[in-house]
Amino acid sequence: MTVSSSIGEEDLFEALSTRMDIRIQDLCVGYKLNFWQSQEKTRSLKTPEDLKNLFVSVRAEIKGRRGREADRFKEIQVIIFDIRHDKSKGTGQGARIVSVSSLASFLNPSDQAFIARISALRSPDVTATHTNPPHIPTARAISEHFGRIVARWEPHPFTPQERQQIRLEGLRYLVIARQIEEVQRDIYPRPLPPEVKAQLVFARQSYMLRYFRLFRVNDLPTEILSNIIRFVVWDSMKRPVDARLRITWTCRRWREVAIGDSTLWNAVWYRGSGPKLDRAWAWFDRARQAPLDIRIDGDPEGDELDETDDESKGTISDELTMTAVDMRQILIRLFEKLATIRMLIVVVDDWKSALVVLELLGTFGPSSGVPMLQRFELHRGGLKNEERKSVMWPHIVPQPFLGRATSASLSYLSLNGVPIDWSGSVLQNLTTFDIRRLPSSHSPDVDRFREILVNCPRLQKLSMDGAGPVYAESTQIQTLPPVQLPHLRTLVVADFSRQYAMFLFSLISAPGVNDLTLMNLCGDDYLPLFLQLHGAFPKVRLLTTYSIQFDVGPQGLAAMTRWLDSMPNLCYLRVANVANQFFGLFFRREDLRNPVSPHLTAVDCQSIEPTILLQWASDRMKFGTPLRKIYISEELGGRLTTEQISELTGICTLAKLPRGATTPEEEALSM
């Protein structure tokens with residue numbers, strides 16, 4: 001690599017060790033002096049008073065160096081010491097403290113020449129270190145370079161010579177990095193040349209790589225090592241199973257600490273059969289009495305590839321769907337710890353398995369109790385032969401949720417395609433209430449639905465997708481005031497007729513909604529609904545409109561524009577499968593210089609004509625309210641031509657968004 005041309009991998013500090021006639025034992029960052037925790041060095045001191053005196057002298061030296069720049073003292077001191085017990089004299093040699101900068105004179109000639117070129121930048125007349133600067137590698141190339149270095153390492157106990165060699169290499173890179181940083185500070189506000197910035201990054205990473213290679217992690221107290229392992233596992237969201245297993249494979253010490261920490265194993269995923277199921281039960285046992293987060297996936301089509309099985313990548317699982325008998329066996333053993341279950345998510349593909357879940361919850365709930373259950377989701381798939389508009393269900397006797405037991409901690413409830421006995425279930429103090437695909441024959445009546453909402457005064461998310469209260473004529477509800485939901489922030493309404501959707505919105509009042517989703521409101525003219533929604537949600541910043549239908553005549557378009565105007569804070573739009581005229585709603589024909597939704601900066605687009613998208617983005621920029629970022633689906637990205645992509649990227653940032661992914665803008669606006 002070009003960056004490493006002047007700071008390569010060879011040892012250039014042999015002279016440093018011989019000329020100074022010292023033994024470098026450790027590097028100390030700041031003045032924390034963590035190296036004094038080493039038992040070896042502590043034993044080298046005669047008394048605790050010796051340690052105290054040495055510590056005081058070190059602090060005094062460091063404070064003296066802070067005189068010049070007390071406000072920004074970050075200089076790293078290198079503690080070079082050699083405490084040898086002299087049996088003849090009964091004394092130990094003291095510690096020498098030298099600054100990193102003073103070690104530059106011990107670098108080899110090529111490194112000193114490199115630093116001299118860097119130092120020349122202090123002159124205003126010098127702007128580069130090379131007349132023809134070398135090629136600067138990308139961040140990916142540098143990362144691959146360090147990956148190759150690590151790949152060559154074979155784990156083994158270091159000999160004293162190896163440890164010394166690694167220390168010297170790390171010290172060399174530290175000296176070079178500090179020399180560049182001093183020049184950077186002296187020439188501020190002028191920036192470093194690009195090639196020097198690359199050298200600085202490379203030197204820092206090279207130093208840290210060697211520093212942590214020598215870090216005595218297994219000498220840390222168990223509670224600290226356990227905390228580190230937790231952060232490693234919890235930060236491995238893409239491959240959490242792999243992270244846990246590899247930690248237990250590293251060494252005996254790590255395995256003992258990891259298995260001894262029950263919180264590393266309390267997220268258990270039951271899926272498939274054989275080794276996967278055995279592994280889930282092993283984690284279940286290791287979790288002991290820690291709060292459990294359980295997911296049971298009985299649908300093989302929803303089962304992701306096992307991240308630890310390299311041979312299975314790119315293949316389709318041939319595992320059978322989990323049967324109702326399998327589900328019963330798993331739940332009976334699982335519910336031995338029902339009192340410790342904090343989250344339970346179950347995905348099934350058949351009626352029998354779904355009913356087994358509700359049955360056993362109703363059986364074990366009242367007897368064992370569910371004091372820790374905070375989140376429950378039950379999703380029934382198998383929709384291939386079901387018509388969403390008129391779901392015909394088999395004869396089912398609904399069971400009260402949790403057998404009429406009360407869960408004081410329950411705050412998240414999601415029921416997808418499964419019924420419960422609404423009148424016999426205790427539902428209160430929820431913050432998320434999500435119901436989907438329920439026919440009127442298994443839905444709560446209006447009074448019970450209103451009662452549930454009233455009993456959840458801090459409800460933050462309400463999702464109704466093809467499910468809601470039994471429809472009542474307007475004459476029955478016109479005397480009832482809408483339920484006030486002052487804390488509701490996310491509202492999802494999907495897959496309803498125009499008449500039912502208007503009935504649904506008449507039941508609630510939630511002016512604080514921040515994220516509004518309207519989906520599958522089509523097959524009719526829904527303009528009366530949008531007239532009803534005018535001014536209902538003034539604080540909306542995220543709006544989702546998938547498959548909505550409205551009158552595209554002049555009056556209809558004017559009414560829809562007024563509806564958008566009633567949400568002046570709109571910043572993020574998700575849109576798919578809408579009429580082309582929808583994009584014209586964001587412009588006023590009588591005043592094009594005053595577009596609708598002036599704060600709209602990010603859009604997530606799917607199923608849109610590329611020419612319409614390009615024209616809309618161009619017009620937004622033309623009239624003073626440009627978009628900053630457009631997220632497109634993979635399908636839409638495949639339909640964009642090279643010319644269209646070039647034009648769009650000239651207007652704003654264009655990014656592909658995988659299905660189901662959440663954008664940074666969404667996360668920021670949802671907080």
Side-chain angles (χ1 to χ4, degrees), residues 377 379-381 383 386-391 414-417 432-440 443 460-469 471 488-508 510 513-534 536-537 540-552 556 560 563-564 566-567 570-583 585 597 600 602-608 631-633 635-636 657-663 666 669-670:
E377 298 183 38
H379 303 270
R380 180 183 61 84
L383 299 178
E386 288 188 5
E387 181 66 33
R388 292 175 64 91
K389 293 295 184 181
S390 58
V391 179
S414 178
L415 299 172
N416 181 5
T432 296
F433 186 34
D434 177 8
I435 52 177
R436 311 177 204 175
R437 297 168 34 238
L438 294 176
S440 59
S443 299
Q460 298 177 11
K461 179 178 180 180
L462 176 60
S463 179
M464 297 171 287
D465 182 358
Y471 177 76
L488 193 67
R489 295 294 177 265
T490 302
L491 177 60
V492 179
V493 176
D495 207 17
F496 295 121
S497 66
R498 181 188 67 186
Q499 186 179 22
Y500 186 88
M502 296 178 68
F503 154 73
L504 205 57
F505 278 108
S506 68
L507 298 178
I508 63 174
V513 166
N514 174 68
D515 186 350
L516 176 63
T517 296
L518 303 174
M519 295 192 302
N520 296 332
L521 303 179
C522 52
D524 199 350
D525 178 12
Y526 280 76
L527 183 60
L529 171 64
F530 292 105
L531 292 174
Q532 177 185 351
L533 297 182
H534 181 272
F537 306 109
V540 166
R541 296 196 295 171
L542 295 93
L543 175 64
T544 301
T545 53
Y546 289 171
S547 301
I548 63 172
Q549 189 171 340
F550 54 89
D551 177 20
V552 295
M560 291 295 291
W563 170 62
L564 289 175
S566 71
M567 298 177 288
L570 181 62
C571 301
Y572 192 98
L573 175 67
R574 310 181 192 97
V575 59
N577 195 25
V578 296
N580 293 338
Q581 290 86 345
F582 176 82
F583 297 95
L585 301 177
S597 303
L600 180 62
V603 183
D604 173 2
C605 299
Q606 302 178 35
S607 303
I608 298 174
Y631 292 97
I632 58 174
S633 63
E635 179 272 334
L636 178 57
L657 185 65
R659 185 177 180 181
T662 302
T663 67
E666 287 181 87
L669 292 172
S670 298

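Only heavy atoms go into these numbers, but all of them, side chains included; no hydrogens, no water, no symmetry mates. Note that the coordinates shown come from a computational prediction; the quantities given were computed from them, not determined experimentally.
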Once side-chain hydrogen bond (donor to acceptor under 3.5 Å, both in side chains) is applied, do any residues pair with [X], and if so which ones, sequence neighbours excluded?
X      : result
Arg436 : Asp434
Gln549 : none
Ser547 : Asn577
Gln532 : none

To the nearest 0.5 Å, what is the distance between [atom1] ([X]) and [atom2] ([Y])?
X      : Y      : atom1 : atom2 : answer
Ser497 : Tyr526 : OG    : OH    : 5.5 Å
Leu521 : Phe550 : CG    : CZ    : 12.0 Å
Leu518 : Ile548 : CG    : CD1   : 6.5 Å
Cys571 : Leu600 : SG    : CG    : 8.0 Å
Met560 : Gln581 : CE    : CD    : 11.5 Å
Thr544 : Asp515 : OG1   : CG    : 5.5 Å

Strictly distance-based, threshold 3.5 Å: is any side-chain N or O of Arg498 a donor or acceptor partner for the main-chain N or O of Leu529? no
Side chain Ser607, main chain Ala576, donor-acceptor under 3.5 Å: no
Any residue meeting ring-ring contact (aromatic ring centres under 6.0 Å, His included) with Phe582, in chain and number order, not counting sequence neighbours: Phe586
Please name all residues satisfying ring-ring contact (aromatic ring centres under 6.0 Å, His included) with Phe530, sequence neighbours left out, ordered by chain then number. Trp563
Heavy-atom closest pair, residues [X] and [Y]:
X      : Y      : result
Phe537 : Leu533 : CE1-CD2, 3.9 Å
Gly381 : Arg437 : O-NH2, 4.1 Å
Ser414 : His379 : OG-CE1, 3.6 Å
Asp465 : Asp495 : OD1-CB, 3.7 Å

Do the side-chain N and O atoms of Asn514 and Arg489 include a donor-acceptor pair separated by under 3.5 angstrom? no
Side chains of [X] and [Y], heavy atoms from C-beta outward: is any pair under 4.5 Å?
X      : Y      : value
Thr517 : Leu542 : no
Tyr500 : Pro469 : yes
Ile508 : Leu491 : yes
Leu543 : Leu564 : yes

Tyr471 vs Phe503 aromatic rings, parallel, tilted or perpendicular, using cut-offs 30° and 60°? perpendicular
